[in-house]
Amino acid sequence: MKDNVAVFTPYPFKIGQKIYIKGSKRNGDWEVIDVTENKMTIKCPISGTELKCDRFCCLVEENKE
């Protein structure tokens, strides 16, 4: 029997990149203002709120293994 396996990979965020986060407490529009190996800082273009958080991963594919 094969299992579903979700495969995640670090997304290569870039400073100045505009992103939209869906389905999270960070939901909404953001701009990436700093990126390190483990952390990133994002800024809301409306309120100016800045948030430093762990780098996200994105679901790239789902495999049966």
Side-chain angles (χ1 to χ4, degrees):
M1 176 184 269
K2 301 244 179 195
D3 293 324
N4 285 334
V5 177
V7 178
F8 293 84
T9 187
Y11 186 81
F13 290 104
K14 296 181 180 142
I15 294 173
Q17 184 174 21
K18 308 286 195 267
I19 61 173
Y20 179 80
I21 301 172
K22 184 176 179 183
S24 160
K25 64 182 179 183
R26 301 177 190 112
N27 198 51
D29 293 314
W30 296 91
E31 179 180 355
V32 178
I33 60 173
D34 189 38
V35 180
T36 67
E37 185 177 340
N38 298 313
K39 299 282 185 181
M40 63 188 288
T41 305
I42 54 179
K43 180 178 180 179
C44 175
I46 298 168
S47 68
T49 301
E50 293 185 12
L51 177 64
K52 187 170 193 159
C53 53
D54 292 332
R55 288 188 60 179
F56 307 8
C57 289
C58 298
L59 178 62
V60 174
E61 61 187 343
E62 190 169 333
N63 296 327
K64 288 192 182 274
E65 292 184 5

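Side chains included, hydrogens not; waters and symmetry mates left out as well; all remaining heavy atoms used.
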Measure the spacing between NZ of Lys18 and NZ of Lys43 and express it to the nearest 0.5 Å. 10.0 Å
Joint hydrophobic cluster, Ile33 plus Met40, side-chain heavy atoms closer than 4.5 Å: no
Stepwise side chain to side chain contact (heavy atoms under 4.5 Å, CB included) test for Thr9 and Val7: CA-CA 7 Å; Thr9 187; Val7 178; 5.9 Å; no
If you take all heavy atoms of Arg55 and Glu37, which pair is closest and at what distance? CD-O, 3.5 Å
Side-chain touch Ile42/Glu50, heavy atoms, less than 4.5 angstrom: no
Hydrophobic cluster membership, with links at side-chain heavy-atom distances under 4.5 Å among I/L/V/M/F/W/Y: are Ile21 and Val32 in one? yes
When hydrophobic residues are tied together by side-chain contacts of less than 4.5 Å, even through go-betweens, does Phe13 share a cluster with Phe8? no
Closest non-hydrogen contact found for Trp30 with Cys44 is CE3-N, 3.3 Å
Say you draw a straight line from CG of Leu51 to OG1 of Thr41; how long is it, rounded to the nearest 0.5 Å? 8.0 Å
Which pair of non-hydrogen atoms, one from Arg26 and one from Cys53, has the smallest distance, and what is that distance? NH2-CB, 3.6 Å
